[in-house]
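Worksheet: one structure, shown below.
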There are 2 protein chains.
Amino acid sequence: MRVTIRDVASKVGVSPMTVSRVINASPRVSDETRRRVQGAIAELGYVPNRLASGLTRRTTRAFGVIVPDVGNPFFTLVVRGAEEAAWRAGYHVILCNTQADLERERGYIEDMLAFQVDGLLVAAVSDQSQPHLKLLTRNGVPFVLIDRSVAGFKTDLVQGDSVSGARQLVQHLIGLGHRRIAMITESDEVSTARDRLQGYREALEAAEIAFLPELVVETSTVDPRLACQATLDLLDLAETPTALFAVNNIAVIGVAEAARARSLEIPRDIAVVCFDEVDYASRFHPFLTVMSQPAETFGTIATQLLLDRLAGRVAERRRVVVLPADLVVRESCGAQLPVS
Amino acid sequence: MRVTIRDVASKVGVSPMTVSRVINASPRVSDETRRRVQGAIAELGYVPNRLASGLTRRTTRAFGVIVPDVGNPFFTLVVRGAEEAAWRAGYHVILCNTQADLERERGYIEDMLAFQVDGLLVAAVSDQSQPHLKLLTRNGVPFVLIDRSVAGFKTDLVQGDSVSGARQLVQHLIGLGHRRIAMITESDEVSTARDRLQGYREALEAAEIAFLPELVVETSTVDPRLACQATLDLLDLAETPTALFAVNNIAVIGVAEAARARSLEIPRDIAVVCFDEVDYASRFHPFLTVMSQPAETFGTIATQLLLDRLAGRVAERRRVVVLPADLVVRESCGAQLPVS
DNA sequence: GCCAGTTGCGTTACCGATACCACAAATGCA
DNA sequence: TGCATTTGTGGTATCGGTAACGCAACTGGC
């Protein structure tokens with residue numbers, strides 16, 4: 001049923017090898033033959049079988065991108081950046097969505113290995129992704145970590161400056177007069193969560209504000225519902241926080257929901273800030289003050305690192321790229337904005 | 001570098017064939033041998049080469065899902081539903097994001113063909129996707145269209161009830177007293193846009209309101225910026241509309257932005273409704289009244305149709321599944337909500 | 001006109017896995 | 001014990017391409 005190179009060859013009356021040469025733009029084919037072969041390819045709708053060509057050449061010119069949640073605007077942009085850069089370099093991208101599930105992550109990594117991709121970009125679920133990633137090194141497949149580092153893995157890495165970013169966000173809140181600042185975070189097996197908590201602590205320490213464990217709530221995974229519940233718990237404290245720092249754009253959704261459920265108005269009753277743009281939602285009220293990361297650049301740079309490795313232009317050691325984040329002050333923090 | 005079946009075989013001291021049997025859970029292997037082979041597989045980190053096995057068997061147990069924009073919450077959920085259903089059936093999903101670009105769509109369809117996927121789910125860019133899809137039929141690869149039909153293509157299809165959904169939304173606005181209702185839509189080469197415009201017209205007609213062409217603005221593609229500009233144009237009309245119907249969740253973002261730019265409050269100054277949930281954003285103000293579609297179900301049902309074809313359980317004719325949409329009344333339409 | 005170099009194309013072997021067949025050893029049943 | 005069957009394993013060909021090589025026919029410089 002599927003059209004093969006032999007179908008094309010016999011239609012034109014040449015050998016499969018000649019068709020192969022036309023496909024791969026080899027110069028050793030006469031113009032006349034080339035034209036006839038191209039005609040047959042178009043007419044039959046022939047598409048070369050990459051399983052077969054991937055077998056003989058040792059490359060598929062494709063790489064996998066594994067992210068925990070394509071629906072998260074941050075990762076959507078990362079993927080877009082990666083796709084763009086890959087496309088320009090003549091590579092194709094296979095996208096895998098793990099839904100932050102380790103099981104699934106392992107499955108996809110095996111899949112990518114099975115499909116013989118030339119390399120991978122991985123935003124790992126957590127430090128527990130380590131065994132899956134070992135599969136890659138053992139098979140000699142290069143990969144670049146995005147956004148999150150994985151404990152005990154010394155590979156190329158593109159990440160944001162979570163420590164400093166979080167510190168700035170919290171300092172901003174402190175500058176607005178807040179002293180009782182809570183944080184909604186996720187498992188500290190995720191490097192970004194760990195780093196942001198650290199930044200939070202540093203900011204408090206610098207302002208000589210005591211770190212209160214009860215003001216930090218950790219949800220098992222990042223999810224609006226869990227974050228909402230966590231926020232409600234915080235709001236039930238005898239002494240409620242006056243400001244809230246959400247570990248990312250997903251958690252903040254739950255925070256906003258909880259505030260609404262308690263009829264608290266942001267920022268009048270409680271100030272809110274978070275990491276990452278909320279994309280479309282940041283155009284809606286409450287207009288969130290965020291630490292904005294250049295998500296698309298994460299994707300393009302990671303792709304560049306990977307392409308470098310594939311091309312053998314290898315800086316032998318691992319390369320770590322840290323991209324700065326930008327404080328975008330909107331309304332949710334309660335800052336008085338100059339009239340624009 | 002890559003571990004092959006021969007590496008495993010020679011390590012254990014059996015033939016590759018025996019290893020293959022272990023991988024594929026053939027019963028004709030002694031427990032003893034099976035254990036030793038499995039040990040070697042784990043130890044070497046061997047992952048079977050699917051390029052090779054895909055060549056001999058005629059299946060890869062993978063299928064492609066092609067959508068215009070994974071960042072669109074509607075499609076994110078479609079993908080999630082498809083992944084879920086595929087996973088359960090032992091299939092793997094390769095996700096392709098066309099960014100509503102025909103060129104890219106063609107590239108991805110060729111890629112999927114090249115990777116010998118067993119089938120595809122396609123949310124096509126527009127009617128102009130027809131030539132790409134013909135490639136699939138010519139190569140005998142089954143596919144199911146999602147969300148959008150493509151003119152002249154009689155294949156399996158899972159879509160929403162756009163005509164009736166749009167009619168209901170507009171009727172709802174009319175019921176609230178609006179007579180001057182504008183619509184922001186996209187190219188009428190997209191079936192859903194076509195159908196929603198039709199529903200809009202039907203609702204007007206039923207209420208004996210004249211259809212005014214100047215109240216319908218068509219943007220070339222669906223994009224918040226374009227929708228924002230389109231809305232501004234509408235608000236510049238001598239007689240401005242009192243209500244606005246956005247063709248989908250992306251367009252409505254631009255509408256909200258435009259309203260804000262003009263310091264109009266929703267719904268006090270202008271009522272707004274749209275198709276599709278805005279996901280996270282619908283938890284933010286303005287709380288949008290929407291026609292909610294069961295996006296995840298789109299994915300699961302489309303997958304089911306595809307799996308049926310792959311399994312040969314074919315209802316020979318095409319099957320069309322139309323999923324109903326639900327009017328979710330929130331605040332943006334200006335309806336008085338009962339106190340909950 | 002001769003020989004070296006180029007051009008255009010075909011042949012053969014192989015990538016890594018599996019379908020199919022073969023076959024020795026173990027087992028079952030009369 | 002004898003013969004049929006089952007069990008466990010290996011050998012060979014093959015999937016659809018391509019690398020490497022081969023080789024006629026043409027080109028061109030002397």
Side-chain angles (χ1 to χ4, degrees), chain A residues 1-38 40-41 44-62 110-111 113-118 139-141, chain B residues 1-38 40-41 44-62 110-111 113-118 139-141:
Chain A
M1 195 69 200
R2 225 106 148 176
V3 183
T4 77
I5 201 171
R6 265 168 264 272
D7 297 327
V8 178
S10 71
K11 184 176 174 76
V12 180
V14 296
S15 78
M17 203 49 231
T18 299
V19 178
S20 174
R21 278 190 265 257
V22 171
I23 296 165
N24 297 293
S26 155
R28 319 235 110 169
V29 182
S30 71
D31 289 346
E32 162 66 8
T33 307
R34 182 184 310 279
R35 246 193 313 278
R36 285 173 51 222
V37 169
Q38 280 166 340
I41 287 175
L44 295 175
Y46 167 67
V47 176
N49 183 335
R50 219 193 280 259
L51 302 190
S53 72
L55 254 190
T56 50
R57 315 210 237 230
R58 312 291 219 34
T59 161
T60 49
R61 292 195 77 74
E110 285 191 0
D111 268 20
L113 227 33
F115 273 115
Q116 309 293 109
V117 293
D118 293 345
N139 281 271
V141 175
Chain B
M1 195 71 200
R2 224 105 150 179
V3 183
T4 77
I5 201 170
R6 264 169 268 270
D7 297 328
V8 178
S10 71
K11 183 175 174 78
V12 179
V14 295
S15 77
M17 205 45 235
T18 299
V19 178
S20 174
R21 277 189 267 256
V22 171
I23 296 165
N24 297 292
S26 153
R28 317 235 113 163
V29 182
S30 71
D31 289 346
E32 162 66 7
T33 307
R34 181 186 311 279
R35 246 193 315 278
R36 286 173 49 223
V37 169
Q38 281 165 341
I41 287 175
L44 295 175
Y46 166 67
V47 176
N49 183 331
R50 219 195 281 258
L51 302 190
S53 74
L55 253 191
T56 48
R57 316 210 240 228
R58 314 284 222 38
T59 161
T60 48
R61 292 196 77 76
E110 285 190 0
D111 268 19
L113 227 33
F115 273 115
Q116 309 294 109
V117 294
D118 293 347
N139 281 272
V141 175

What I'd like to find out is whether the side chain of T4(A) reaches to under 4.5 Å of the side chain of N49(A), using heavy atoms alone.
no
Can a donor-acceptor pair be found, under 3.5 Å and without considering hydrogens, that links the side chain of R21(A) to the backbone of S26(A)?
no
What's V19(B) touching, base or sugar-phosphate or nothing? Going by heavy atoms closer than 4.0 Å.
nothing
Distance in angstrom units between R50(B) CZ and dC15(D) C1', rounded
17 Å
Base, sugar-phosphate, or nothing for R6(B), non-hydrogen atoms under 4.0 angstrom?
base
Give P16(A) one of three labels, base, sugar-phosphate or nothing, depending on what nucleic acid heavy atoms sit under 4.0 Å from its own.
nothing
Closest listed nucleotide, where the reference is the side chain of S53(B) and the choices are dG16(D), dA17(C), dA19(D)
dA17(C)
Whichever of T18(B) and R58(B) has its nearest DNA chain D nucleotide further upstream toward 5':
T18(B)
Determine whether a donor-acceptor pair (N or O, by modelled atom type, separation under 3.5 Å) exists between the side chain of N139(A) and the backbone of G45(B).
yes
May I ask you to evaluate whether N24(B) reaches the phosphate of dT18(C), defined as a side-chain N or O under 4.0 Å from OP1 or OP2?
yes
Nearest whole Å is fine: how far is dA19(C) C1' from R57(B) CZ?
10 Å
Hey, is the side chain of T33(B) poking within less than 4.0 Å of OP1 or OP2 on dT9(D), counting only N and O atoms?
yes
Report yes if at least one side-chain N or O of S30(B) is closer than 4.0 Å to OP1 or OP2 of dT7(D); otherwise report no.
no
Is the phosphate of dG8(C) approached by R28(A) (side-chain N or O, under 4.0 Å from OP1 or OP2)?
no
Does Y46(B) have a side-chain nitrogen or oxygen under 4.0 Å from the phosphate oxygens OP1 or OP2 of dA17(C)?
yes
So, are D111(B) and R50(A) salt-bridged, with charged N and O less than 4.0 Å apart?
yes
Tell me if a side-chain donor or acceptor on T60(B) pairs with a main-chain N or O of G54(B) at a distance below 3.5 Å.
no
Check whether any side-chain N or O of S20(A) sits under 4.0 Å from OP1 or OP2 of dT18(D), and answer yes or no.
yes
According to a strict under-4.0 Å criterion, is T56(B) in side-chain N/O contact with OP1 or OP2 of dA17(C)?
no
Does L55(A) or R21(B) map to a spot on DNA chain D nearer the 5' end, using the closest nucleotide for each?
R21(B)
I5(B) has an atom CD1; how far is it from atom P of dG10(D), in whole Å?
12 Å
